[in-house]
Amino acid sequence: MEAIECIKTRRSIRKYEDKPVDRSLIEEIIDIARFAPSWKNSQSVRYIAIYDNDIKNKIAGECIMGHEGNKNNIQGAPVLMVELTVNKRAGYERDGSYSTSKKDHWQSFDAGMAAQVFCLAAHEKGLGTVVMGIYDEEKVKEVLGIGEDKSVSALIALGYPADAPAAPKRKEVADLLTFM
């Protein structure tokens, strides 16, 4: 699949086939996602692939702040990916001082770029994803035993799409671009 076609045809998938996702396929996707750009090549994004239904159900029941859509996404997907970032790397110098006026916000920027590359790689491999941001980070960290050295950046449902939603309406270029 060509890059532009991949970008234009990728959709948020909320219904998945009851078909397992081979672990080697996730490894292939991470092998691609690791090439996402990052602050000073800090490569601070990490992933946890959750297949265990008990863990997925615990996150869906206790960590998503009552959001029924996310509960359904998590429970309906064969795999729940948890995207993490290593704290105090993106936006920082080695001595711990900030390199940018954005301070630690750059960590979220790196996570967003990595999530998009992950989702595009999954799409190219025939899988669907939806990125979820409504969750209680501390509860997710508690359920998964994640230490204070990392932050949860996103939850991503992953599986074979059961449907092919149409593209939502997009703004025109003139609404998005200003020349000076």
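Each residue takes its place number in the sequence, starting with 1.
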* To do: Go through the steps to decide whether Leu84 and Val45 satisfy the test side-chain contact (heavy atoms from CB on, under 4.5 Å), and finish with yes or no.
  => CA-CA 6 Å; Leu84 307 170; Val45 175; over 6 Å; no
* Is a side-chain N or O of Asp110 found less than 3.5 angstrom from the main chain of Trp39, in a donor-acceptor match? -> yes
* Asked: Strictly by modelled atom types, are Asn87 and Ser151 linked by a side-chain donor-acceptor pair under 3.5 Å?
  -> yes
* To do: Would you please say whether a donor-acceptor pair under 3.5 Å links the side chains of Gln43 and Asn41?
  => yes
* Asked: Passes side-chain contact (heavy atoms from CB on, under 4.5 Å), Ile55 versus Leu80? Steps please.
  -> CA-CA 9 Å; Ile55 297 172; Leu80 175 63; over 6 Å; no
* With no hydrogens and no angle check, is any side-chain donor or acceptor of Asp163 less than 3.5 Å from a backbone partner on Pro165? -> no
* Should Tyr51 and Ile26 count as side-chain neighbours, where that means a heavy-atom distance under 4.5 Å? -> yes
* To do: Can you establish whether the number of heavy atoms outside Glu17 located under 6.0 Å from its atom CD is more than 12?
  => yes
* Val140 and Met81: same hydrophobic cluster, using ILVMFWY side-chain contacts below 4.5 Å? -> no
* To do: Kindly give the heavy-atom pair with the smallest separation between Tyr160 and Val21, and that separation in Å.
  => CE1-CG2, 4.0 Å
* side-chain contact (heavy atoms from CB on, under 4.5 Å) assessment of Glu62 paired with Asp136 -> CA-CA 9 Å; Glu62 299 176 16; Asp136 182 317; over 6 Å; no
* Asked: Taking everything shown except Lys139 itself, do over 12 heavy atoms lie less than 6.0 Å from its NZ?
  -> no
* Asn53 backbone acceptor or donor facing Lys58 side chain under 3.5 Å -> no
* Asked: Any link between Val173 and Phe179 through a network of hydrophobic side chains (Ile, Leu, Val, Met, Phe, Trp, Tyr) touching at under 4.5 Å?
  -> yes
* Asked: Under 3.5 Å, side chain of Lys15 to main-chain N/O of Ala164, donor-acceptor pair present?
  -> no
* **Thr129 side chain to His123 side chain, donor-acceptor N/O pair below 3.5 angstrom** => no
* To do: Under the side-chain contact (heavy atoms from CB on, under 4.5 Å) rule, what do Tyr16 and Val130 come out as? Steps first, then yes or no, please.
  => CA-CA 11 Å; Tyr16 301 92; Val130 64; 3.8 Å; yes
* Asked: If only atom types and distance count, is the side chain of Arg89 paired as donor or acceptor with the main-chain N or O of Val86 below 3.5 Å?
  -> no
* To do: Flag yes if more than 12 heavy atoms outside Ile4 fall under 6.0 Å of its CD1 atom; otherwise flag no.
  => no
* Crowded around Asp175 CG? As in, over 12 foreign heavy atoms under 6.0 Å? -> yes
* Look at Lys40 together with Glu93 and state whether they make a salt bridge at an N to O cut-off of under 4.0 Å. => yes
* **Phe109 atom CZ, neighbour heavy-atom count above 12 within 6.0 Å** => no
* To do: To the nearest 0.5 Å, tell me how far Glu83 CD sits from Leu155 CG.
  => 10.0 Å
